[in-house]
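A short write-up of the structure that comes next.
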There are 2 protein chains.
Amino acid sequence: MQNFFQIDTGSPLKTKVLTSALCLFVEKGYYNTSIPDLVQHSGVSTGTIYKHFGDKQGLANSLMELLVEELYRQELAVIAAQDTTQARYRALVMWIVEFSLDYPEVMSFILYARHKNYLPNFSHICSSKPFMILRDIIQQGMASQEVRPMDVMIAVSLAFGSVLRMVQLHLDGVLEKPLMAYVDELTETAWCAIANPHKTIVKQ
Amino acid sequence: MQNFFQIDTGSPLKTKVLTSALCLFVEKGYYNTSIPDLVQHSGVSTGTIYKHFGDKQGLANSLMELLVEELYRQELAVIAAQDTTQARYRALVMWIVEFSLDYPEVMSFILYARHKNYLPNFSHICSSKPFMILRDIIQQGMASQEVRPMDVMIAVSLAFGSVLRMVQLHLDGVLEKPLMAYVDELTETAWCAIANPHKTIVKQ
DNA sequence: GTCTATACTCAGATAGAC
DNA sequence: GTCTATCTGAGTATAGAC
């Protein structure tokens with residue numbers, strides 16, 4: 001967890017604070033983390049934190065922005081390594097699942113990082129780049145006729161909504177088997193639901 | 001919204017407080033709602049609130065419990081009116097969608113009512129009755145062979161996960177068309193993905 | 001630029017009158 | 001049972017020394 005992402009800011013102090021913030025927000029939540037908590041955890045003083053981030057909200061915003069950027073970067077890398085939509089879909093799902101297994105608390109934080117309770121005024125993550133890229137992948141697949149013609153948001157919901165629900169069930173401890181045990185059947189079924197049958201058959 | 005559910009407690013004061021709590025928690029969130037806020041909104045005094053609910057957390061727990069019970073009750077009514085799994089699935093989806101349209105803030109509250117940020121120590125809603133009933137429906141469908149044999153959690157994720165994702169996209173304002181415009185195609189496709197083809201064809 | 005010390009606000013909770 | 005008045009402490013944010 002500790003070095004799950006390397007925050008790239010000029011200042012080493014900023015990095016220390018943001019790393020602590022991620023750690024504490026993920027562990028206890030935004031509202032249950034006080035500035036003194038952050039001071040103690042990061043070893044950076046109150047004054048410095050305020051100088052760099054303005055206020056607590058500003059700190060949370062900076063953190064969220066960096067987190068979203070990092071996710072986006074990782075997704076791009078995953079996608080770049082594949083050359084068909086189906087392969088990209090599978091690779092993205094694997095990435096989501098592995099991420100959820102490696103950093104369950106962070107994943108939970110991302111999935112629920114919304115609403116006035118968390119980060120007031122922070123734009124919804126669903127409309128942010130890491131989520132929108134999923135839509136783009138499906139849309140490209142439709143253009144290349146790997147995915148059959150249908151409303152793109154419906155296809156996205158089927159393909160990724162089902163996976164994210166499974167991840168949430170896993171995070172809630174509801175699943176009997178390990179998360180990984182469900183992935184193949186789930187992605188296979190979801191893909192069939194949105195794939196262009198001609199293209200799929202041809203590929204076999 | 002105001003009377004979206006009638007809280008049934010012996011005490012009218014309790015009811016007033018819980019109604020205000022739902023209203024304010026949904027609007028501003030748990031941590032952004034103070035006891036004085038509740039006093040003003042409900043017209044009930046600080047002392048009385050504490051006598052009835054112990055503390056703020058206790059109030060939130062009571063509210064959540066009642067909310068979950070009410071959702072469960074509504075789901076049972078929806079299910080009881082149908083006699084096949086497919087019909088029940090469609091009716092449940094319609095109920096979810098209509099609920100989301102009527103009370104978007106409440107729906108948002110339910111979907112994100114988790115995590116330490118919200119209601120610390122409140123058991124996850126995903127493992128609560130309103131969510132578990134969705135699994136039961138699918139499981140029954142599998143027993144009656146309307147749903148083809150597969151892992152039940154995978155079927156649930158496909159059937160309802162996709163719908164809930166769509167609802168979230170709607171709540172995030174990402175969808176171009178009204179939510180209702182997606183429902184038929186989505187449920188049709190999702191159902192096909194999990195339905196037993198023999199049974200389905202027979203029904204046509 | 002960074003830290004320490006401190007001010008100020010206000011939320012959560014209680015005591016005790018009625 | 002209900003309300004008013006009050007306490008206490010936590011937490012955000014700032015001022016100013018270094």
Side-chain angles (χ1 to χ4, degrees), chain A residues 7-66 109 113 115-122, chain B residues 7-66 109 113 115-122:
Chain A
I7 293 161
D8 189 14
T9 70
S11 153
L13 278 184
K14 258 184 146 170
T15 304
K16 268 204 266 184
V17 174
L18 287 167
T19 305
S20 291
L22 177 62
C23 197
L24 293 174
F25 289 175
V26 157
E27 185 189 328
K28 312 197 297 173
Y30 174 77
Y31 286 102
N32 295 317
T33 301
S34 68
I35 300 296
D37 287 343
L38 283 163
V39 170
Q40 185 173 20
H41 191 278
S42 67
V44 177
S45 70
T46 316
T48 305
I49 292 177
Y50 277 90
K51 282 275 186 255
H52 278 293
F53 300 102
D55 58 10
K56 193 183 168 188
Q57 187 59 54
L59 170 58
N61 288 341
S62 296
L63 175 62
M64 221 35 199
E65 233 164 88
L66 284 163
F109 182 72
H115 211 266
K116 299 118 193 166
N117 273 295
Y118 258 116
L119 302 175
N121 305 324
F122 190 77
Chain B
I7 293 162
D8 189 15
T9 70
S11 153
L13 278 184
K14 259 184 146 171
T15 304
K16 268 202 269 186
V17 175
L18 287 166
T19 305
S20 290
L22 177 62
C23 198
L24 293 175
F25 288 176
V26 156
E27 185 189 326
K28 312 197 298 173
Y30 175 77
Y31 287 102
N32 294 318
T33 301
S34 67
I35 300 295
D37 287 342
L38 284 163
V39 170
Q40 185 172 20
H41 192 277
S42 67
V44 178
S45 70
T46 316
T48 305
I49 292 177
Y50 276 91
K51 283 276 186 251
H52 279 293
F53 300 102
D55 59 8
K56 192 183 170 189
Q57 187 60 54
L59 171 59
N61 288 342
S62 296
L63 175 63
M64 221 36 198
E65 232 164 89
L66 285 163
F109 183 71
H115 212 267
K116 300 117 193 168
N117 272 294
Y118 259 117
L119 301 175
N121 305 325
F122 190 78

- Task: May I ask you to establish whether B:K56 and B:Y50 are in a cation-pi arrangement, using a distance under 6.0 Å from NZ or CZ to the six-membered ring centre and at most 45° from the ring axis?
- Result: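 Negative - B:K56 is either too far from the ring of B:Y50 or too far off its axis.
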- Message: Donor-acceptor pair, distance only, cut-off 3.5 Å: does the side chain of A:T19 make one with the backbone of A:T15?
- Response: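 Yes: the side chain of A:T19 pairs with the backbone of A:T15.
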- Can you tell me if A:D37 uses its side chain to pair, donor with acceptor, with the backbone of A:T33 under 3.5 Å?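 Not a single qualifying donor-acceptor pair exists.
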- Item | Angle by which the axis turns from one end of the helix from C:dG1-D:dC18 to C:dC18-D:dG1 to the other, five pairs per end, to 10 degrees |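 Computed angle between terminal axes is 0°.
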- Extract, from 5' to 3' on DNA chain C, the first and final nucleotides lying under 4.0 angstrom from some heavy atom of chain B.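 The footprint of chain B covers C:dA11 to C:dT14.
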- A:H41 and A:C23: which non-hydrogen atoms are nearest, and at how many Å?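 Here A:H41 and A:C23 meet closest at NE2-SG, 3.9 Å.
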- Query: Can you name the nearest heavy-atom pair linking B:V17 to B:L38, along with the distance?
  - Reply: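 Scanning both residues completely, I find the closest heavy atoms to be O-CD2, 4.5 Å.
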Can you find a heavy atom in the side chain of [X] that is under 4.5 Å from one in the side chain of [Y]?
X: A:I49; Y: A:L13; result: no
X: A:L22; Y: A:L18; result: no
X: B:N32; Y: B:L24; result: no
X: B:F53; Y: B:N61; result: no

Output one line per pair: protein atom, nucleotide atom from nucleotides 10-12 of chain D, and distance, for all N/O pairs under 3.5 Å.
from	atom 1	to	atom 2	distance (Å)
D:dT12	OP1	A:K56	NZ	3.0
D:dT12	OP2	A:I35	N	2.8

- Message: Which label fits A:F25 and A:Y30: parallel for a plane angle under 30°, tilted from 30 to 60°, or perpendicular past 60°?
- Response: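 Ring orientation of A:F25 relative to A:Y30: perpendicular.
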